[in-house]
Amino acid sequence: MIDLSTSYLGLTLKNPLVVSASPLNEKLDNLKLMEEKGAAAIVLHSLFEEQLTLESIELDTRLTQGTESYAEAITYLPDLNHYNLGPENYLEYIQKAKKTLNIPLIASLNGTSEGTWVKYAKQIEDAGADALELNIYYLPTHFDNTGEMVEKNYIDLIKSVRSNTKFPLSVKVGPYFSSMGNMAKKIEAAGANGLVLFNRFYQPDFDIENLEVVPNLNLSRSESLRLRLRWVAILYNNIKADLAITGGIHSHVDVLKAMMAGAKVAMMASVLFEKGIPYLESMLNDLVTWMEEHEYQSIQQMQGSMSQKSVKEPERFERANYVRVLSSYLL
Ligand SMILES: Cc1cc2nc3c(=O)[nH]c(=O)nc-3n(C[C@H](O)[C@H](O)[C@H](O)COP(=O)(O)O)c2cc1C
């Protein structure tokens, strides 16, 4: 009998398949189906800083009558309550889901800066979530902000959430740091138990007929996985925080690659939009079949087997591979 179990954020999971945050997770029936088809844990759709801040601004505006100082922010923001039901309902949803599910439930807070909204982390903990994923989705566009200031912003936010809560905390970030390894260490030192790599930043397109910027969100392909594999393979064994991969997990082969790089879990969203939630079951079956054929006894046995833990100088290693791959293209 193959042992598919893995541990993530101090939770023992029956296998490494975790559902990533997305609107699919807004429906209790979907959560039940995910569990039934084999998901080992679920990350709920996010509650956004803007929602929480707006709620207190709206309250404040009602109290102080006619304050328009945040009018611009309000215009930019879509009505998120259709996406995730709003803060109070989010907490209720956690409670309901916890009563219904046997697998761990990881809530998600999505923001960029410290503020009173962080108090919701504590409420999420009190509502019964098993852990919290803090998604710091931030694109720095202020030209006076240095990299150091941007990084400090991340760290202050993580510390603030950490100091308000006791349950396990993972942090989901993008790949755009000058020194990812150093940043990973800082995130860990700020109190994160896990690192979720990487956010997929949506990339707007131009409509050249109407001269409009078109926000769009393409579902990922397996190719997105490579960036994650590289960084998990480099970070493995160098930080204690658990590593999770999100982005580009589309098959059992992708899950195997994620494990071999050193991830504790493989998270997925796009593939479930594309192929439906029941696809989890066939991924799991294919995973077991592959492991049997290759005589693996457990997931833990393969975790980190393709990492760079024995590469003494990752920078030289990366540079050598870069040169090799370019020169292999000679015609
Ligand atoms: C429609 C959609 C909505 C998403 N909403 C959230 C969200 O609320 N919070 C979050 O942290 N990530 C969100 N994500 C990102 C996913 O959780 C995931 O990290 C990303 O899509 C990469 O994984 P994938 O390649 O398996 O799709 C969303 C993704 C999609 C496609």
Side-chain angles (χ1 to χ4, degrees), residues 8 16-27 30-31 34 39 41-52 77-87 89-90 93-94 97 105-112 117 120-121 124 129 131-139 154 157-158 161 169-176 192 194-204 215-229 231-232 243-255 257-258 263 265-277 279-280 283:
Y8 180 57
L17 305 196
V18 172
V19 179
S20 252
S22 93
L24 274 182
N25 308 356
E26 268 181 54
K27 292 204 175 96
N30 282 352
L31 303 188
M34 287 162 187
I42 297 170
V43 184
L44 283 187
H45 49 293
S46 295
L47 191 54
F48 293 84
E49 170 183 344
E50 288 77 358
Q51 266 177 299
L52 301 169
L77 200 68
D79 182 3
L80 278 163
N81 290 345
H82 290 301
Y83 178 53
N84 65 15
L85 316 159
N89 291 342
Y90 192 83
Y93 188 64
I94 293 173
L105 192 68
I106 303 171
S108 166
L109 260 188
N110 197 316
T112 59
W117 67 278
Y120 276 88
I124 284 172
L132 178 68
E133 187 173 286
L134 175 65
N135 183 341
I136 311 182
Y137 186 107
Y138 178 54
L139 194 70
Y154 274 73
L157 175 54
I158 297 164
V161 173
L169 173 68
S170 61
V171 177
K172 182 172 179 180
V173 292
Y176 305 116
L195 201 54
V196 183
L197 305 179
F198 287 118
N199 258 326
R200 281 183 73 233
F201 284 84
Y202 93 94
Q203 290 161 346
N216 65 13
L217 179 74
N218 295 330
L219 296 179
S220 72
R221 299 268 155 267
S222 279
E223 288 78 40
S224 306
L225 182 61
R226 293 184 199 157
L227 177 71
R228 281 94 184 152
L229 289 179
W231 277 108
V232 168
L243 298 165
I245 284 187
T246 181
I249 300 284
H250 282 256
S251 68
H252 69 289
V253 175
D254 295 333
V255 176
K257 288 179 184 173
V265 291
M267 295 181 170
M268 62 209 79
S270 292
V271 73
L272 301 182
F273 278 102
E274 256 172 27
K275 297 196 170 155
I277 296 168
Y279 181 65
L280 280 163
M283 246 174 145

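Both ligands and their constituent atoms are indexed starting at 1 by order of listing. What you see is a predicted model; the values in this text were computed from it and never measured. Sequence positions, counted from 1, serve as the residue numbers for this chain.
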message = I'd like the name of whichever of Arg200, Lys172, Glu133 reaches closest to atom 15 (C) of ligand 1 through any heavy atom.
response = Lys172

query = NZ of Lys27 to CE of Met34: how many Å apart, nearest 0.5 Å?
reply = 10.5 Å

message = Within ligand 1, which atoms have a heavy atom of Ser220 less than 4.0 Å away?
response = 24 (P), 25 (O), 27 (O)

ask   = Mind checking whether Tyr176 and Phe201 have ring centres under 6.0 Å apart?
value = yes

task = Please examine the side chains of Phe273 and Pro23, heavy atoms only from C-beta on, and report whether any two atoms are closer than 4.5 Å.
result = yes

query = Taking distance alone, with no angle check, do Phe273 and ligand 1 share an N/O pair under 3.5 Å?
reply = no

key: Contact (N/O only, under 3.5 Å) between Ser22 and ligand 1   = no

Mutual orientation of the aromatic rings belonging to Tyr202 and Tyr137 [parallel < 30°, tilted 30-60°, perpendicular > 60°] = parallel

task = Kindly confirm or rule out an N or O of Asn135 lying under 3.5 angstrom from an N or O of ligand 1.
result = yes

ask   = Is His45 in polar range of ligand 1, meaning some N or O pair under 3.5 Å apart?
value = no

ask   = Can you list the steps and then say if Leu169 with Ile158 is a side-chain contact (heavy atoms from CB on, under 4.5 Å)?
value = CA-CA 9 Å; Leu169 173 68; Ile158 297 164; 4.2 Å; yes

task = Say whether Phe48, considering both its backbone and side-chain N or O atoms, lies within less than 3.5 Å of an N or O atom on ligand 1.
result = no

request  = Answer whether the closest heavy-atom distance between the side chains of Leu31 and Tyr93 falls below 4.5 Å.
outcome  = yes

Pairwise side-chain contact, Tyr154 with Val171, heavy-atom cut-off 4.5 Å (strictly under) = no

ask   = Hey, are the side chains of Val173 and Asn199 touching, using non-hydrogen atoms and a 4.5 Å cut-off?
value = no

ask   = Is any N or O atom of Gly248, backbone or side chain, closer than 3.5 Å to an N or O atom of ligand 1?
value = yes

ask   = Against heavy atoms of Leu217, which atoms of ligand 1 measure under 4.0 Å?
value = 1 (C), 2 (C), 30 (C), 31 (C)

message = List ligand 1 atoms under 4.0 Å from Gly247, heavy atoms only on the residue side.
response = 22 (C), 23 (O), 24 (P), 25 (O)

remark   = Here the atoms of ligand 1 under 4.0 Å from any heavy atom belonging to Met268 are 26 (O)

